[in-house]
Visitor: 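Can you keep this structure in mind? I'll have questions shortly.
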Amino acid sequence: MTRVFNFNAGPAALPLPALEQAQRELLDFAGSGMSILEHSHRGKHYDAVHNDAIGLLRELLDVPDDYNVLFLQGGASQQFAMVPMNLLQVGASADYVVTGAWGKKALAEAKLLGLARLAGTDDRFLRLPKQSELQLDPRAAYLHFTSNETIHGVQYVDAFPEAGTVPLVCDMSSDFLWRKIDVRKFGLIYAGAQKNIGPSGVTIVLIRKDLVESGRTDIPKIFRYKTHADANSLANTAPTFGIYLIRNVLRWVKDQGGLAQIEQWNRDKATLIYEFLAEHETCYRCPVSPESRSHMNIVFRLPTEDLEKQFVAEAAEAGFVGLKGHRSVGGIRISCYNAVSVEAVLSLLGFMMDFAKVNA
Ligand SMILES: *Cc1c(COP(=O)(O)O)cnc(C)c1O
């Protein structure tokens, strides 16, 4: 078996032990004579997995008791709609800080449903707006932002936007669990699982219970957070296999020493890459402002588009896949989520060093 070095942006690399556990258990889950895919979502075997996943998430992030942990479907894109559907009361307005393509989409969805304002941005998505540059509405229903912009490589690392008593709503799809955060700062956090915590098909939502309770009731039941909170995310058939795999990934996180260790590796990987880029500026140039640079998705350009094409092709041949930048921005992107090891990054940098020597 040859496994490549996978730098895909999402769906993305998963920890090998989490996959191996799935492989071992696939045909006969816990002596039940069938796979977890074939179990009822209301049976005891699946129920144990479901609650194990929720429990691990609560433990790793210290999720307070007054927050619900939900597993939903429809991707982060569905949350772009569900957030305003639930939290944007009639006549109210919501604020959006837009730092990249995903935040822009979230704002556009909200505008279809009610009043939503752009509260801060950078035209070219090359840096985070400063807190002092935000134009905040103190009566906003919530302030939405994206903690890591996956396409533009811009991340809130040292501090999140502050909005006083206005609830913070954060799309953490591409950096959820990259380190520990203080959940209490947020009214709602959502994350599609397929970047940093599992396969596609599951979206994790952490939501303060008072926001669940005060959510709008003039929307279809399936889109209400309350429907899913009241049923422990089993109002209808849950994406059972995806949640099972998330459970395996969370166990792996815990086995590594928890989020403190994961954060250390993530910081080491990003430092290695950005220092390398700075030392090889004639070949590789990161356009993002230093203080806004992502630890998860590291974007850079080569001197010409032809060289970028050559870079991606030669990298793939050498076993490094998923490095092409998003089609909307071009360039190169190294996605180094939790499951990408420091060794994988060091190997890639070795390739990049050789490439620069030959081509710069
Ligand atoms: C990938 C991504 C999305 C979209 O996720 P889907 O699950 O495909 O809907 C939204 N926000 C961010 C930050 C992302 O990285």
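First listed ligand is number 1; within each ligand, the first listed atom is number 1. Count residues from 1 along the sequence.
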Visitor: Under 3.5 Å, is there a donor-acceptor pair linking the side chains of Gln310 and Asp306?
Guide: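 Judged by distance alone, the side chains do not pair up.
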Visitor: Could you check whether the rings of Tyr190 and His144 sit parallel, tilted or perpendicular, using 30° and 60° as the cut-offs?
Guide: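 Rings of Tyr190 and His144: tilted, 30 to 60°.
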Visitor: Using distance alone, determine whether Gln78 and ligand 1 share an N or O pair under 3.5 Å.
Guide: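 By distance alone, the answer is no.
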Visitor: What is the ring orientation for His39 with His45, classed by angle as parallel under 30°, tilted 30 to 60°, or perpendicular over 60°?
Guide: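 Tilted.
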Visitor: Quick test: of every protein heavy atom, which one is nearest to atom 9 (O) of ligand 1, and how far off is it to 0.1 Å?
Guide: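 Checking every protein heavy atom, the shortest distance to atom 9 (O) of ligand 1 gives Ser77 OG, 2.6 Å.
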Visitor: Examine the side chains of Asp175 and Asn196 and answer whether a donor and an acceptor come within less than 3.5 Å of each other.
Guide: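 The criterion, which ignores hydrogens and geometry beyond distance, is not satisfied for Asn196 and Asp175.
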Visitor: Identify, by atom number and element, the atoms of ligand 1 in contact range of Gly75, meaning under 4.0 Å from any of its heavy atoms.
Guide: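 In order of number, 7 (O), 9 (O).
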Visitor: Ignoring angles and geometry beyond distance, decide whether Ala76 reaches within less than 3.5 Å of ligand 1 through its nitrogen or oxygen atoms.
Guide: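 Yes, Ala76 has an N/O under 3.5 Å of an N/O on ligand 1.
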Visitor: Say whether Thr150, considering both its backbone and side-chain N or O atoms, lies within less than 3.5 Å of an N or O atom on ligand 1.
Guide: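 Indeed, backbone or side chain, Thr150 has an N or O that close.
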Visitor: Short N/O distance, under 3.5 Å, between Asn148 and ligand 1?
Guide: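 For ligand 1, there is no N or O atom that lies under 3.5 Å from one belonging to Asn148.
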Visitor: Hey, is Lys105 close enough to Glu109 for a salt bridge, meaning N to O under 4.0 Å?
Guide: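 Salt bridge absent between Lys105 and Glu109.
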Visitor: Quick one: nearest non-hydrogen protein atom to atom 2 (C) of ligand 1, plus distance?
Guide: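 For atom 2 (C) of ligand 1, the nearest protein heavy atom is Lys195 NZ, 2.6 Å.
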Visitor: Side chains of Leu177 and Met172: does their closest heavy-atom pair fall under 4.5 Å?
Guide: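 When only atoms from C-beta onward are counted, Met172 and Leu177 do not touch, as no gap falls below 4.5 Å.
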Visitor: Write out the residue and atom name of the closest protein heavy atom to atom 8 (O) of ligand 1, then the distance separating them to 0.1 Å.
Guide: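 Protein heavy atom at minimum distance: Gln194 NE2, 3.6 Å.
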Visitor: Is Met172 in contact with ligand 1, taking contact as a heavy-atom separation below 4.0 Å?
Guide: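 Heavy atoms of Met172 never come under 4.0 Å of ligand 1.
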Visitor: Between Glu149 and ligand 1, which part of the residue brings a heavy atom under 4.0 Å of the ligand: side chain, backbone, both or neither?
Guide: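 It is neither; nothing of Glu149 touches ligand 1.
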Visitor: Would you tell me whether Asn266 and Tyr337 have side-chain atoms, one donor and one acceptor, within less than 3.5 Å of each other?
Guide: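 Side chains of Asn266 and Tyr337: no pair found under 3.5 Å.
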Visitor: Indicate whether any N or O donor in one side chain lies under 3.5 Å from an N or O acceptor in the other, for Asn51 and Asn232.
Guide: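 There is such a pair (donor and acceptor under 3.5 Å, judged by atom type) between the side chains of Asn51 and Asn232.
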Visitor: Measure the distance from atom 11 (N) of ligand 1 to every protein heavy atom, then report the residue, atom name and distance (to 0.1 Å) of the closest one.
Guide: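 The closest heavy atom on the protein side is Asp171 OD2, 2.6 Å.
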Visitor: Under a 4.0 angstrom heavy-atom cut-off, which atoms of ligand 1 come close to Thr146?
Guide: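 In order of number, 13 (C).
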